[in-house]
Number of protein chains: 2
Amino acid sequence: MDTEAAGTPSAEADTHPAVPDGELSLLLDDQMCFALYAASRAVTSLYRPILDELGLTYPQYLVLLALWERDQVPVKELRRALQLDYGTLTPLLKRLEAAGLLRRERQADDERTVRVGLTEQGIALRRRARAIPAAIGDAMGLDDEEFERTRATLRRLTRNVTARTEARG
Amino acid sequence: MDTEAAGTPSAEADTHPAVPDGELSLLLDDQMCFALYAASRAVTSLYRPILDELGLTYPQYLVLLALWERDQVPVKELRRALQLDYGTLTPLLKRLEAAGLLRRERQADDERTVRVGLTEQGIALRRRARAIPAAIGDAMGLDDEEFERTRATLRRLTRNVTARTEARG
DNA sequence: CTCTTTTAAATCGTGCGCAAGGTAATCGTC
DNA sequence: GACGATTACCTTGCGCACGATTTAAAAGAG
């Protein structure tokens, strides 16, 4: 009489007994995907009040993180760094341009590519953002080792999963 | 001459030297938030082709996971389980109702609450979903221990962070 | 040089996610 | 039983995400 798969100490067997081998729990709280989804949204809403003061949304903040590292970047490079679609990036960048934080201009020697550069205002915002990572890290309440290990695992997971989806694309 | 904070072996010090104590890296790839955000989206797009065959989106799948566990649920309970707003849930449930997978009806003894129940079609969909967790788990490429540990950490992170945001609400 | 293919970006439509504001039912207090 | 407060849900508006389609520029083939 099989119960649930190993490693998922749940009550699924009570309501849906005799799960065949090779199948895992369908309980919401057993899913890694839900843990990720919930954590990602929780962290985003932790950022929200902080970023509100800078007049930024969370994805806009990520764009600025990328631009503070390396300015005058082709949109294609932002697409790679953030793993976002042009359909997401183009309007996002337009809003940041409208806010006066960056400029978009076609590259002279290749009119296909658009280069994104920070304005003075965009550069200046970095000073106000410096305290953010420490505040967020504090709220997460993980010790250094757990923080690093989890971040490394998430990156590996992303890499594995991305390779898989692109193999089918 | 301070370099970057401990645990972040990055090149930030080169471009922005002398980061004061108590401040952490602003490099995109050093952020836990970005690792989470990227992983969550990557996993969602891993689900997409699978869920397409069931005619579901990813949040719709999560709702069904919750309903397969416990049917005839008040929307309030789904809100708690999925940690989603009514503004997200109401239209989402309406689309699932339009697809014939569930029914929504007011509770007789308290006309404020709406109870959600699966149709035969919604219940039947569970059979076709059984193979999903194993397929996803395989693509993630984490061994059992790392999987469990990361899931546990993410849940704790979510709990910590949620408590923080609610304390200010 | 012409024609095809590829590439970088933009556009459009759909479905979340969430804040803000609104409504109706119920509860609590008198 | 009147009435202000609370509760459960709905609606609206905005900003992502992402697939699908389109456009224009550049690269490559013959």
Side-chain angles (χ1 to χ4, degrees), chain A residues 33-34 37-49 51-52 55-63 73-80 82-99 104-116 162 165-166 168-169, chain B residues 33-34 37-49 51-52 55-63 73-80 82-99 104-116 162 165-166 168-169:
Chain A
C33 70
F34 179 63
Y37 168 81
S40 181
R41 287 191 301 113
V43 168
T44 301
S45 56
L46 180 64
Y47 272 95
R48 192 165 296 111
L51 295 179
D52 272 355
L56 295 173
T57 66
Y58 178 70
Q60 289 169 9
Y61 171 67
L62 295 181
V63 167
V73 185
V75 177
K76 182 187 178 182
E77 169 64 13
L78 289 177
R79 174 182 138 91
R80 189 202 56 75
L82 299 169
Q83 297 164 218
L84 281 173
D85 203 72
Y86 287 111
T88 301
L89 275 175
T90 298
L92 204 168
L93 293 172
K94 282 185 176 176
R95 280 187 285 271
L96 285 171
E97 186 176 38
R104 303 180 316 128
E105 47 188 278
R106 296 271 163 191
Q107 186 174 310
D109 65 341
D110 186 344
E111 290 279 341
R112 289 173 302 180
T113 86
V114 170
R115 281 188 172 270
V116 178
T162 302
T165 45
E166 280 172 1
R168 272 200 316 270
Chain B
C33 70
F34 179 63
Y37 169 81
S40 182
R41 287 192 301 113
V43 169
T44 300
S45 56
L46 179 64
Y47 272 94
R48 192 165 295 112
L51 295 179
D52 273 355
L56 294 175
T57 66
Y58 178 71
Q60 289 168 9
Y61 172 67
L62 295 181
V63 167
V73 185
V75 177
K76 182 188 178 180
E77 169 64 14
L78 288 177
R79 174 183 137 91
R80 188 202 57 74
L82 300 169
Q83 296 163 220
L84 282 173
D85 204 310
Y86 286 112
T88 301
L89 274 175
T90 298
L92 204 168
L93 292 172
K94 280 185 176 177
R95 281 187 285 269
L96 284 171
E97 186 175 37
R104 304 179 316 128
E105 46 188 276
R106 296 272 163 190
Q107 187 172 310
D109 65 342
D110 186 344
E111 289 280 341
R112 290 173 304 179
T113 86
V114 170
R115 280 186 172 271
V116 178
T162 302
T165 46
E166 281 173 359
R168 272 201 316 269

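Each chain gets a letter, A, B and so on, in the order the sequences are listed, and its residues count up from 1. Here the structure is a predicted model, which is why all the values come from computation and not from measurement.
- If you check every strand for non-hydrogen atoms under 4.0 Å, Arg115(A) touches nothing.
- Shown here are the salt bridge (charged side-chain N to carboxylate O under 4.0 Å, His left out) partners of Asp110(B), two or more places apart in sequence or in another chain: Arg112(B).
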Contacts under 3.5 Å, N or O only, protein and nucleotides 23-27 of chain D:
residue	atom	partner	partner atom	Å
dA26(D)	OP1	Glu111(A)	N	2.9

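- Phe34(B) is linked by a ring-ring contact (aromatic ring centres under 6.0 Å, His included) to nothing, counting only residues two or more places apart in sequence or in another chain.
- With sequence neighbours excluded, no residue satisfies side-chain hydrogen bond (donor to acceptor under 3.5 Å, both in side chains) with Arg41(B).
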Cut-off 3.5 Å, no hydrogens considered: what does the side-chain donor-acceptor table look like for residues 83-97 of chain B, sequence neighbours left out?
residue	atom	partner	partner atom	Å
Asp85(B)	OD1	Gly87(B)	N	3.0
Thr90(B)	OG1	Tyr86(B)	O	3.1
Glu97(B)	OE1	Arg104(B)	NE	3.1
Glu97(B)	OE2	Arg104(B)	N	3.2

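- For dA8(D), neither phosphate oxygen OP1 nor OP2 lies less than 4.0 angstrom from any side-chain nitrogen or oxygen of Arg79(B).
- When every heavy atom of Gly55(A) is checked against every heavy atom of Gln60(A), the shortest pair comes out as O-OE1, 4.0 Å.
- Scanning for side chain to side chain contact (heavy atoms under 4.5 Å, CB included) contacts around Arg48(B) gives Thr44(B), Ser45(B), Asp52(B), with sequence neighbours left out.
- Using a 4.0 Å heavy-atom criterion, one finds that Leu89(A) contacts no nucleic acid atom at all.
- Distance Lys76(B) NZ to dC10(D) P: 15 Å, rounded to the nearest Å.
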Are any protein N/O atoms closer than 3.5 Å to N/O atoms in nucleotides 11-13 of chain D? If there are, list each pair with its distance.
residue	atom	partner	partner atom	Å
dT11(D)	OP2	Lys94(B)	NZ	2.6

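- Heavy-atom contacts of chain B under 4.0 Å fall on DNA chain C between two terminal nucleotides, which in 5' to 3' order are dG15(C) to dT26(C).
- Listed by chain and number, the residues in a side-chain hydrogen bond (donor to acceptor under 3.5 Å, both in side chains) with Arg79(A) amount to none (sequence neighbours excluded).
- Looking at residues two or more places apart in sequence or on another chain, you find a ring-ring contact (aromatic ring centres under 6.0 Å, His included) between Tyr47(B) and Tyr58(B), Tyr61(B).
- At least one side-chain nitrogen or oxygen of Arg95(A) sits closer than 4.0 Å to the OP1 or OP2 atom of dC16(D).
- Taking atom CZ of residue Arg106(B) and atom C1' of nucleotide dC9(D), one finds them 6 Å apart after rounding to whole Å.
- The nearest whole Å value for the distance from the CD atom in Gln60(A) to the P atom in dA17(D) is 10 Å.
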